[in-house]
Amino acid sequence: MSSNNRYNPTEIEARWYEHWMKHNYFDSTPDEREPYSIVIPPPNVTGVLHMGHMLNNTIQDILIRKARLEGKNACWVPGTDHASIATEAKVVKMLREKGIKKGDIGREAFLKHAFEWKDKYGGIILDQLKRLGASCDWKRTRFTMEDKLSKAVIKVFVDLYKKGKIYRRLRMTNWDPEAQTVLSNEEVIYKEENAQLVHIRYDFEDSPGEGIVIATQRPETIMADTAIAVNPEDERFKDLIGRKVLIPLINRAIPIIGDTYVDIEFGTGALKITPAHDPNDNEIGERHNLEVIDILNADATLNEKARILVGQDRFEARKNIKKLLKESGNLVELEDYRTKIGRSERTNSVVEPRLTLQWFLSMKDFAETGLKAVKDKKVTFYPEHMWNMYYNWLNEDNIKDWCISRQLWWGQRIPAWYYGEHIFVAETAEEALAQARDKSANPDLSLHDLKQDEDVVDTWFSSWLWPITVFDGFETQDELKYYYPTNVLVTGWDIMFFWVARMIMAGYEWSEELLGTELIQAKGRQPFHDVYFTGMVRDNRRRKMSKSLGNSPDALSLIDAYGADGVRFGMLSSAAAGNDIIFDAPFDAETKQVRNESKLCEQGLKFCNKMWQALNAIKGWEVMDEPLNEDTALINAKAIEWFENKLNEVLSQLEDKFQSYRLSDALITLYNFIWNDFCSTYIEIVKPPYKKPIDRATLEQTIDFYEKLLTILHPFMPFVTEEIWHQLRERGEGEDCIVSTYPKAAAFDRELLKNVEKILDVVTKVRDIRAKNKIDKFEPLALFVEESDRSKALYAMEGLEAIIRKLAVLSSLEFTEEEVANSLSFLSTTENYYIEVDVSVDVEAELERLEGELAYAEGFVASVNKKLSNERFVNNAPTAVVEKEKAKLADGQEKIKILVEQINKLKN
RNA sequence: GGGCGAUUAGCUCAGUUGGUUCAGAGCACCUCGUUUACACCGAGGGGGUCGGGAGUUCGAAUCUCUCAUCGCCCACCA
């Protein structure tokens with residue numbers, strides 16, 4: 001037909017998604033079938049779909065759809081994460097733009113705004129996933145801060161506290177003196193700035209006027225010093241260890257200690273230790289049991305512990321103390337210096353390291369459990385090498401306790417109530433009150449006397465429960481019993497520590513008490529059997545995609561351009577498990593060219609069109625009910641037999657690839673199978689000649705094959721397959737591709753597949769000769785094949801000869817015992833073929849070609865000979881390998897013989 | 001500084017337990033072709049010393065060591 005009959009995804013994709021939703025195909029409830037469950041890595045509730053999500057969710061959708069087609073009870077649970085830091089920052093910003101300050105309106109009012117914001121923007125990303133074709137059970141959509149999930153978080157907190165795994169202690173945190181809040185590391189931006197290193201002499205206590213010089217950027221903190229540290233290897237200072245020096249201006253004595261942390265080369269080689277105001281100093285202080293003296297207020301002014309400059313801001317104090325030191329004679333030098341300064345992402349004020357009371361979860365036991373689960377293959381990582389990274393983080397040398405408190409409001413508030421010095425941790429305020437009354441023996445205490453902790457728990461402290469809480473596992477275990485453990489988790493390796501490891505830990509911690517020992521012994525405690533780590537999607541400079549860089553292509557506009565199927569194809573075909581993929585914006589602004597990555601999406605769209613055209617072809621055939629002529633019957637029967645076997649071969653290959661999550665590979669295999677084997681070969685073989693009909697049996701068989709292909713491809717490209725599925729046959733209610741039956745791989749005849757490959761090689765070579773000699777492609781040619789045991793064996797297989805005749809457009813194919821005069825010849829496997837022509841043969845060109853082939857064959861034989869004449873090879877290699885080599889040698893020698901004969905004949 | 005990974009065709013990448021002349025795919029490129037489903041196409045074709053070096057082995061893109069370049073993660077410079 002005409003070129004306007006092209007595949008157009010836009011309208012089709014919307015229609016089928018609606019259709020699937022209407023038929024509730026994505027829904028899952030426990031039944032007698034085998035479950036196949038996946039929980040989505042919940043995207044940030046305020047997030048917008050980006051390429052990482054697309055890749056991630058495409059993979060999950062493929063696995064879920066395949067399971068569904070295989071008759072399993074497929075359950076993909078969607079949802080969003082409240083993402084406390086990111087979301088709170090957004091809401092704060094939104095309020096600030098309206099002139100509202102978070103601190104002014106208070107917790108309750110702020111949360112009201114936040115929930116309004118969430119309700120307004122929270123669903124966007126999930127709707128975008130629908131465009132991609134994600135077949136989530138939307139009725140199960142969860143949110144990490146909804147009531148039920150929050151309740152579970154509190155329950156777990158209390159449980160761990162009772163188990164003695166949660167504790168509270170001082171910790172160095174990033175303090176924003178302007179916002180007066182603790183910042184997470186992610187919220188601190190480090191940039192190089194100009195600074196000054198102040199060299200200060202601390203005099204020995206017993207020998208004034210003599211001392212040790214240190215260098216610091218923060219002279220205003222010397223009043224908080226509790227030691228001077230030198231490297232015990234440092235020849236200059238090692239003898240000083242143990243002596244005492246006086247802090248200038250305030251004359252407090254502090255010891256000189258030895259610690260290998262000190263870099264001999266840097267500064268003066270001596271380091272002042274200020275445990276209250278520097279994270280490293282704090283660690284050193286802990287090692288040496290040093291006192292912690294905090295001289296700063298929350299607003300970064302100096303407090304009375306500083307003894308001098310009290311009430312001054314830290315920067316003002318810095319200026320003034322230099323003056324004082326100069327006057328006292330302790331200032332040795334001022335050195336200009338460039339260094340990285342951390343500033344608050346939100347207020348831009350210089351971040352102050354500050355000791356604050358934080359809640360911690362002891363990780364030692366958890367880490368051990370987490371390591372063991374993966375080591376014992378209860379959880380399998382794909383790709384395997386991710387284990388290294390996992391181990392590196394969880395091993396006992398590196399594991400650190402998890403700080404689970406955050407100084408935010410958007411999140412689950414820590415269930416701890418304070419009454420004086422006492423802390424009461426309980427699921428409700430009433431329970432805490434009861435505890436408090438008990439403890440204080442004061443029955444008149446009321447809720448007003450208790451003060452709840454102001455902080456919330458880290459977001460990951462709710463998402464680590466996700467595989468349990470999405471099934472309401474802490475309340476009722478009916479669903480958990482059926483769906484847990486989930487089959488696979490698909491996520492990026494960047495959150496391996498934050499999320500994956502912790503989910504494994506949580507699974508081991510609670511699944512047994514929730515599900516019972518018996519069930520756990522049968523199914524295991526792990527929250528998922530497999531983890532598929534996707535690569536990070538990066539731009540062409542290998543930077544992570546991020547909104548702030550503006551380097552993420554608009555996912556939805558890509559779908560608009562190439563269709564969801566096209567984009568799914570493009571994403572996947574460039575993404576082997578675990579490897580980062582480079583996926584840039586569709587157009588390169590500099591070169592003004594369409595980028596390679598978009599080409600992959602385009603290729604996906606073209607693939608859709610190819611299948612669409614194949615559909616057109618089949619639908620265009622007229623059908624005849626009478627039997628066919630013998631030749632055609634033979635050809636079609638063989639084509640069908642071949643394709644059936646080929647299909648089984650591909651099915652078993654696909655099975656392997658799915659087993660090892662080589663999805664990219666699977667798609668490419670399928671692409672080649674459909675394009676090359678089905679369209680270019682099978683259809684070309686059975687295609688009726690112009691204006692001639694096809695027999696009903698072959699047509700039915702062809703439609704049947706196509707149907708199977710659609711089912712197999714459906715997980716990867718759901719929309720186009722569903723559309724063609726319905727165009728291919730009349731379908732009744734509920735007869736949809738999405739719920740069709742995935743074909744099972746059966747045994748296949750390797751001999752047959754190999755033989756067909758051989759005859760296709762003959763066809764290619766005839767076509768090549770036509771092209772090179774400008775012979776019309778429709779002019780029937782007479783082809784002769786050299787008679788040999790091999791060629792006789794090949795053509796003994798019925799139908800092959802007829803297929804060659806059809807595909808290569810031959811008038812005849814016959815055996816010959818000798819060379820055919822006036823012919824063009826070629827070699828296929830070990831046999832010579834001759835095409836009879838009446839044009840005169842270009843002897844020169846023919847000789848050149850033959851000599852080329854001869855040189856190749858001789859090289860081949862030489863290399864094999866070399867191998868076989870190596871005694872060590874013959875003695876050490878497995879016999880099968882040696883036999884193969886011998887067969888290769890024989891083949892090669894045979895070829896040479898034929899070629900030499902031909903060359904000689906031409907020369908005479 | 002600690003850890004992980006990469007380097008294969010002009011570009012983006014496959015290459016699963018070492019074994020066929022095994023060096024592969026897509027895009028790009030070249031030639032030919034619009035009467036027959038498809039120019040979003042068909043039939044053909046060219047193109048790589050597998051980053052360098054050494055080693056193990058009968059045999060290395062594949063295993064070991066080393067050097068070079070690049071990338072990422074974690075920790076950090078008083």
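Below, all heavy atoms of this structure are taken into account, side chains as well, without hydrogens, waters or symmetry copies. In what follows, chains are A, B, ... by sequence order, proteins preceding strands, each numbered from 1.
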Is there a side-chain contact between Asn280(A) and the phosphate of rC77(B), meaning an N or O under 4.0 Å from OP1 or OP2?
yes

Under the side-chain hydrogen bond (donor to acceptor under 3.5 Å, both in side chains) definition, can you give me all pairs with a residue in residues 680-694 of chain A, not counting sequence neighbours?
Tyr682(A)-Thr702(A), Glu684(A)-Lys687(A)

Show me the pairs that pass salt bridge (charged side-chain N to carboxylate O under 4.0 Å, His left out) and involve residues 653-664 of chain A, at least two apart or across chains.
Lys66(A)-Glu655(A), Lys657(A)-Asp665(A), Arg662(A)-Asp665(A)

Check whether any side-chain nitrogen or oxygen of Asn392(A) sits under 4.0 Å from OP1 or OP2 of rC73(B), and answer yes or no.
no

Is the shortest side-chain N/O distance from Lys777(A) to OP1 or OP2 of rG44(B) below 4.0 Å?
no

Between CD1 of Ile769(A) and P of rU31(B) the distance, given in whole Å, is 22 Å

How about Phe826(A) and Tyr833(A): are their ring centres within less than 6.0 Å of each other?
yes

Could you work out the separation of rG46(B) and rG10(B) based on their C1' atoms and round it to a whole Å?
13 Å

Note: Arg750(A)-Glu757(A) ion pair, threshold 4.0 Å (strictly below):
no

By ring-ring contact (aromatic ring centres under 6.0 Å, His included) - contacts of Phe497(A) (at least two apart)
Trp393(A)

Using atom names, set out every protein N or O paired with an N or O of nucleotides 16-18 of chain B below 3.5 Å, distance rounded to 0.1 Å.
unit_1	atom_1	unit_2	atom_2	d
rU16(B)	O2	Arg662(A)	NE	3.4

Which of the following nucleotides, rA28(B), rC4(B), rC41(B), is nearest to the side chain of Lys610(A)?
rC41(B)

Is the phosphate of rG44(B) approached by Thr764(A) (side-chain N or O, under 4.0 Å from OP1 or OP2)?
yes

Side chains of residues 671-678 of chain A: which donor-acceptor partners sit under 3.5 Å, not counting sequence neighbours?
unit_1	atom_1	unit_2	atom_2	d
Tyr671(A)	OH	Gln603(A)	NE2	3.2
Asn672(A)	ND2	Ile668(A)	O	3.3

So the salt bridge (charged side-chain N to carboxylate O under 4.0 Å, His left out) pairs with at least one residue in residues 278-288 of chain A (sequence neighbours excluded) are Asp259(A)-Arg287(A)

Sorted by number, the residues of residues 676-684 of chain A with heavy-atom contact under 4.0 Å to RNA chain B:
Cys679(A), Glu684(A)

Send over the distance from Phe826(A) CZ to rG44(B) P, rounded to a whole Å.
12 Å

If you look at every strand shown and take non-hydrogen atoms under 4.0 Å, does Ala771(A) touch a base, only sugar-phosphate, or nothing?
nothing

Dot-bracket for RNA chain B, please. Rules: Watson-Crick or G-U, both distances under 3.5 Å, ( ) within the strand, [ ] when a pair crosses earlier ones, | for another strand, . otherwise.
(((((((..((((.....[....)))).(((((.......))))).....(((((..]....))))))))))))....

Could you tell me which residues satisfy ring-ring contact (aromatic ring centres under 6.0 Å, His included) with Tyr7(A), sequence neighbours excluded, listed by chain and number?
Trp612(A)

Between rG19(B) and rC65(B), how far is it from one C1' atom to the other, in whole Å?
24 Å

So, is Trp675(A) close to the rG42(B) phosphate, meaning a side-chain N or O under 4.0 Å from OP1 or OP2?
yes

Reckon Asp768(A) touches a base, only the sugar-phosphate, or nothing at all at heavy-atom distances under 4.0 Å?
sugar-phosphate

Phosphate OP1/OP2 of rA37(B): any Lys687(A) side-chain N/O under 4.0 Å
yes

I need the OH-C1' distance between Tyr261(A) and rA75(B), as an integer number of Å.
10 Å

Who are the side-chain hydrogen bond (donor to acceptor under 3.5 Å, both in side chains) partners of Thr10(A), not counting sequence neighbours?
Asn8(A)

Looking at residues at least two apart in the chain, or sitting in another chain, which of them share a ring-ring contact (aromatic ring centres under 6.0 Å, His included) with Tyr261(A)?
none

Quick one: which residue pairs count as a salt bridge (charged side-chain N to carboxylate O under 4.0 Å, His left out) with a foot in residues 609-619 of chain A, not counting sequence neighbours?
none

Residue met sooner reading RNA chain B from 5', once Leu605(A) and Trp612(A) are mapped to nucleotides
Trp612(A)

Ignoring backbone atoms, test whether Gln603(A) places a side-chain nitrogen or oxygen under 4.0 Å from the OP1 or OP2 oxygen of rG26(B).
no

Centroid-centroid distance, Trp387(A) to Phe381(A), less than 6.0 Å
no

